[in-house]
**Student:** 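I'd like to ask some things about the structure below.
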Amino acid sequence: MEQPKDAQYCKAYIMGYRDGVRDARSGKNLANIDSDLLKLPVEAMEITTRARNCLLWAKCYTIGDVLRLDADDIRKIRNMGPKTATQIAHWLTVHGFYCSAWSEYL
């Protein structure tokens, strides 16, 4: 099922799963929710336009693509400064992705 790219729909979709992702620390199995969250477009992330453009320039179209980047790939992203990287890392951490290459920017 293809999801519309409407920003309001994406924001409502991600808000619906936010509590479930936060419950991952309690050991709850959230494999299905995580896979749905990973398929969300980068536009659903609540980050600045600069950060979003940096991710799109790096050919990261979904949140799963963002998490697949390693530390070297992150450093090579054009116009990605420490403030922008910190913003993306913070968003990922808030939504339950604690152990990723982005964690070094927190």
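Below, all heavy atoms of this structure are taken into account, side chains as well, without hydrogens, waters or symmetry copies. These numbers come from a predicted model, not from an experiment.
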**Student:** About how many Å separate CD1 of I74 and OG1 of T84, when rounded to the nearest 0.5 Å?
**Tutor:**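 Here the interatomic distance stands at 12.5 Å.
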**Student:** Going by heavy atoms in the side chains, are D65 and L38 under 4.5 Å from each other?
**Tutor:**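 They are not in contact (no side-chain heavy atoms under 4.5 Å apart), so the answer is no.
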**Student:** Between F97 and L37, is a side chain to side chain contact (heavy atoms under 4.5 Å, CB included) present by the stated rule, with each step listed?
**Tutor:** CA-CA 11 Å; F97 301 107; L37 189 63; 3.4 Å; yes
**Student:** To the nearest 0.5 Å, how far apart are CH2 in W102 and CG in L67?
**Tutor:**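 Here the interatomic distance stands at 9.0 Å.
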**Student:** For a quick test of reading the model, state the closest non-hydrogen atom pair linking T86 to P82 and the distance between them.
**Tutor:**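 Shortest heavy-atom separation between T86 and P82 comes out as OG1-O, 2.7 Å.
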**Student:** Roughly how far, to the nearest 0.5 Å, is CG of L69 from NZ of K76?
**Tutor:**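 The CG atom of L69 is 11.0 Å from NZ of K76, to the nearest 0.5 Å.
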**Student:** So N79 and N53, do their side chains get closer than 4.5 Å, heavy atoms only?
**Tutor:**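 They are not in side-chain contact.
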**Student:** State the CG-NZ distance between D73 and K59, to the nearest 0.5 angstrom.
**Tutor:**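 If I round to the nearest 0.5 Å, the distance is 12.5 Å.
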**Student:** Give the minimum heavy-atom separation between A101 and A71, together with the two atoms involved.
**Tutor:**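 So the minimum-distance heavy-atom pair works out to CB-N, 3.7 Å.
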**Student:** So, for A85 and M80, which heavy atoms are closest and what is the spacing to 0.1 Å?
**Tutor:**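 Taking every non-hydrogen atom into account, N-SD, 3.6 Å.
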**Student:** What class does the angle between the rings of W91 and H95 fall in, given that below 30° is parallel, 30 to 60° is tilted and above 60° is perpendicular?
**Tutor:**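 Aromatic pair W91/H95 classed parallel.
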**Student:** Just so I know, are the side chains of E43 and L56 near enough to count as touching, which here means a heavy-atom distance under 4.5 Å?
**Tutor:**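 When only atoms from C-beta onward are counted, L56 and E43 do touch, with a gap below 4.5 Å.
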**Student:** Would a 4.5 Å heavy-atom cut-off, applied to side chains only, mark V42 and V66 as touching?
**Tutor:**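 They are in contact (side-chain heavy atoms under 4.5 Å apart), so the answer is yes.
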**Student:** Counting only heavy atoms from other residues, nucleotides and ligands, does the tally under 6.0 Å from CZ of R75 exceed 12?
**Tutor:**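 For R75, atom CZ is crowded (more than 12 foreign heavy atoms under 6.0 Å).
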**Student:** To the closest 0.5 Å, what do you measure between CD1 (I88) and CG (L106)?
**Tutor:**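 I88 atom CD1 to L106 atom CG measures 11.5 Å (nearest 0.5 Å).
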**Student:** State, yes or no, whether a side-chain contact exists between I47 and H90 at a heavy-atom distance under 4.5 Å.
**Tutor:**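 I47 does not reach H90 side chain to side chain.
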**Student:** If you round to the nearest 0.5 Å, how far is OG of S100 from CG of D70?
**Tutor:**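 Interatomic distance, D70 CG to S100 OG, rounded to 0.5 Å: 11.5 Å.
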**Student:** For T49 and R52: C-alpha separation, side-chain torsions, deciding distance, then whether side chain to side chain contact (heavy atoms under 4.5 Å, CB included) applies.
**Tutor:** CA-CA 5 Å; T49 303; R52 188 175 303 114; 4.1 Å; yes
